[in-house]
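Following: one structure in structure tokens, then a few remarks.
Here is how names work: the chains are called A, B, and so on, in the same order as the sequence lines, proteins then strands, and each is numbered from 1.
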Amino acid sequence: MAERTFRDGVRAMAPLVVAVLGFAISFGVLARAAGFGWLAPIVMSATTFAGSAQFAAVSVLGDGGTVAAAVAAALLLNARYGPIGISVARWLTGGAWSRFLHAQLVVDESWAIAAEGEGRFNRGVLLGAGLVLYLAWVAGTAIGAILGEAFGDPSALGLDAAFAALFLGLLVPIAKDRRHVAAALLGAGIALVLTPFTPAGVPIVAASAACLLGLRR
Amino acid sequence: MIDVWTVVGLVGAGTIAIKAAGPVLLGGRPLPPRLGGVIELLAPALLGALVAVQTFQDGERLVLDERVLGVAAAAVAIRLKAPLLVVVVVAAATTALARAVT
């Protein structure tokens with residue numbers, strides 16, 4: 001089999017572009033509805049480039065949570081990019097600046113497509129897939145954030161339920177085994193118990209303690 | 001609005017640093033397996049919490065309202081392997097419809 005290249009990464013990601021665009025448009029619309037204006041969601045997609053963390057930050061702040069709670073929830077969700085980055089580190093050759101830029105394009109989908117088994121990763125595929133995802137993510141956010149004003153009252157449109165549905169849609173594919181399901185249920189339980197007693201956002205951050213289930217083998 | 005830009009700035013800078021840390025600093029050294037197991041469960045724990053809070057929270061109270069119907073409809077859509085955009089639209093439309101009826 002010939003070695004895969006940048007173009008293979010682009011081609012592998014192409015069928016996903018419509019889905020990513022839709023996801024990004026919903027981020028733009030929901031961020032706008034949560035009081036983020038039109039520019040901040042676009043800047044956030046261009047710099048953070050990680051869907052679930054962006055939605056988490058917007059929903060915590062939109063619910064009246066503090067800046068610290070919103071930032072903590074988002075960065076805890078992105079903590080997985082620490083080990084993911086380490087797993088590809090050997091395959092990102094080139095200078096420090098080039099490795100830095102490549103690392104920004106490593107998200108769940110591009111990482112999965114660039115995997116070649118036995119811990120090997122293809123740098124060209126990673127770059128191609130990552131760039132396609134990045135462009136679709138930023139463009140979709142811009143469409144949603146700019147046109148978001150055209151949607152009326154967020155509550156009458158059921159947009160508040162859209163957040164919960166979206167997080168459920170992100171959770172189900174990663175709840176691969178019993179440990180993941182247990183962590184999700186424990187996280188939900190911690191958050192619900194704390195909600196009446198703590199400021200908005202704190203229950204979400206506290207729920208991260210459920211990951212300590214990972215200490216049990 | 002200042003809060004919005006602070007969050008955008010801090011989350012952006014933090015995420016860029018997390019993504020870059022491995023490739024720029026560490027090279028190919030693997031994480032201790034126990035730490036890896038804990039980090040792996042962070043995302044499901046937080047997403048579970050976000051689903052629960054977004055479904056039941058109203059200010060500092062827990063309530064049962066039309067959102068539950070929307071999330072239930074979303075769960076069916078996820079079960080049917082619908083794309084994420086469809087899942088979100090189904091949830092919003094179901095909730096909006098229930099609000100319009102009641």
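- In terms of heavy atoms, D160(A) sits closest to Q54(B) at O-OE1, 4.1 Å.
- In this structure, L168(A) CG and T55(B) OG1 are separated by 8.0 Å, a value rounded to the nearest 0.5 Å.
- The distance from atom CG of L47(B) to atom NE2 of H180(A), rounded to the nearest 0.5 Å, is 11.0 Å.
- Residue T66(A) does not touch chain B at all, counting heavy-atom pairs closer than 4.5 Å.
- Between chain A and the options V11(B), D3(B), I78(B), T95(B), heavy-atom pairs under 4.5 Å are most frequent for V11(B).
- Ranked by heavy-atom pairs under 4.5 Å with chain B, the list A210(A), A207(A), P196(A) is led by P196(A).
- Contacts between F49(A) and chain B at a heavy-atom distance below 4.5 Å involve backbone atoms as well as side-chain atoms.
- Between chain A and the residues L10(B), L85(B), V38(B), L97(B), the most heavy-atom pairs under 4.5 angstrom are made by V38(B).
- Side-chain contact check for V181(A) versus P44(B): every heavy-atom pair is 4.5 Å or farther apart.
- With a 4.5 angstrom heavy-atom cutoff, V106(A) touches chain B only via backbone atoms.
- For L62(B), the part lying under 4.5 angstrom from a heavy atom of chain A is the side chain only.
- The two atoms that bring A96(A) and V24(B) nearest to each other are O-CG2, 4.1 Å, heavy atoms only.
- Chain A forms the most heavy-atom pairs under 4.5 Å with one residue out of G12(B), A20(B), A13(B), A45(B), and that residue is A45(B).
- Heavy-atom pairs under 4.5 Å with chain B peak, among Y81(A), W97(A), F197(A), F167(A), at F167(A).
- Ranked by non-hydrogen atom pairs under 4.5 Å with chain B, the options I25(A), T47(A), I204(A), L166(A) are led by I204(A).
- Looking at D63(A), the atoms closer than 4.5 Å to chain B (heavy atoms on both sides) all sit in the side chain, from C-beta outward.
- Comparing F36(A), F23(A), F163(A) by how many heavy-atom pairs each has under 4.5 Å with chain B, the most go to F36(A).
- Only the side chain of A74(A) comes within less than 4.5 Å of a heavy atom of chain B; its backbone N, CA, C and O stay farther away.
- Of all non-hydrogen atoms in G158(A) and A96(B), the two that sit nearest each other are N-CB, 4.0 Å.
- The CG atom of L213(A) lies 6.5 Å from the CG atom of L41(B); values are rounded to the nearest 0.5 Å.
- Contact tally against chain A (heavy-atom pairs below 4.5 Å) for I18(B), V68(B), L50(B), V53(B): the top residue is L50(B).
- Atom OG1 in T195(A) sits 12.5 Å away from atom CZ in R61(B) (nearest 0.5 Å).
- Minimum interatomic distance between A49(B) and A191(A) (heavy atoms only, all atoms of both residues): CB-CB, 3.7 Å.
- Both the backbone and the side chain of A40(A) come within less than 4.5 Å of a heavy atom in chain B.
- Around atom CD1 of I2(B), no more than 12 heavy atoms belonging to other residues, nucleotides or ligands sit under 6.0 Å away.
- Across every non-hydrogen atom of A164(A) and V71(B), the tightest pair is CB-CG2, 3.5 Å.
- With hydrogens and angles disregarded, a donor-acceptor distance shorter than 3.5 Å links the side chain of K19(B) to the backbone of T48(A).
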Would Q104(A) and I16(B) count as a side chain to side chain contact (heavy atoms under 4.5 Å, CB included) here? Give the steps. CA-CA 6 Å; Q104(A) 300 310 317; I16(B) 288 169; 3.4 Å; yes
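- The part of I174(A) that comes within reach of chain B is its side chain, from C-beta onward, which places non-hydrogen atoms under 4.5 angstrom from that chain.
- At a 4.5 Å heavy-atom cutoff, the contact between V107(A) and chain B is made by side-chain atoms alone.
- Heavy atoms of L30(A) lying under 4.5 Å from chain B are absent altogether.
- When all heavy atoms of P23(B) and A89(A) are compared, the closest pair comes out as CA-CB, 3.7 Å.
- The part of L92(A) that comes within reach of chain B is its side chain, from C-beta onward, which places non-hydrogen atoms under 4.5 angstrom from that chain.
- Looking at A73(B), neither its backbone nor its side chain comes within 4.5 Å of chain A, counting heavy atoms on both sides.
- The contact between L75(A) and chain B is made by backbone and side chain atoms together, counting heavy-atom distances below 4.5 Å.
- Annotation: the span from R99(B) atom CZ to L157(A) atom CG amounts to 9.5 Å, rounded to 0.5 Å.
- Atom-to-atom distance recorded for L77(A):CG and L46(B):CG is 4.5 Å, nearest 0.5 angstrom.
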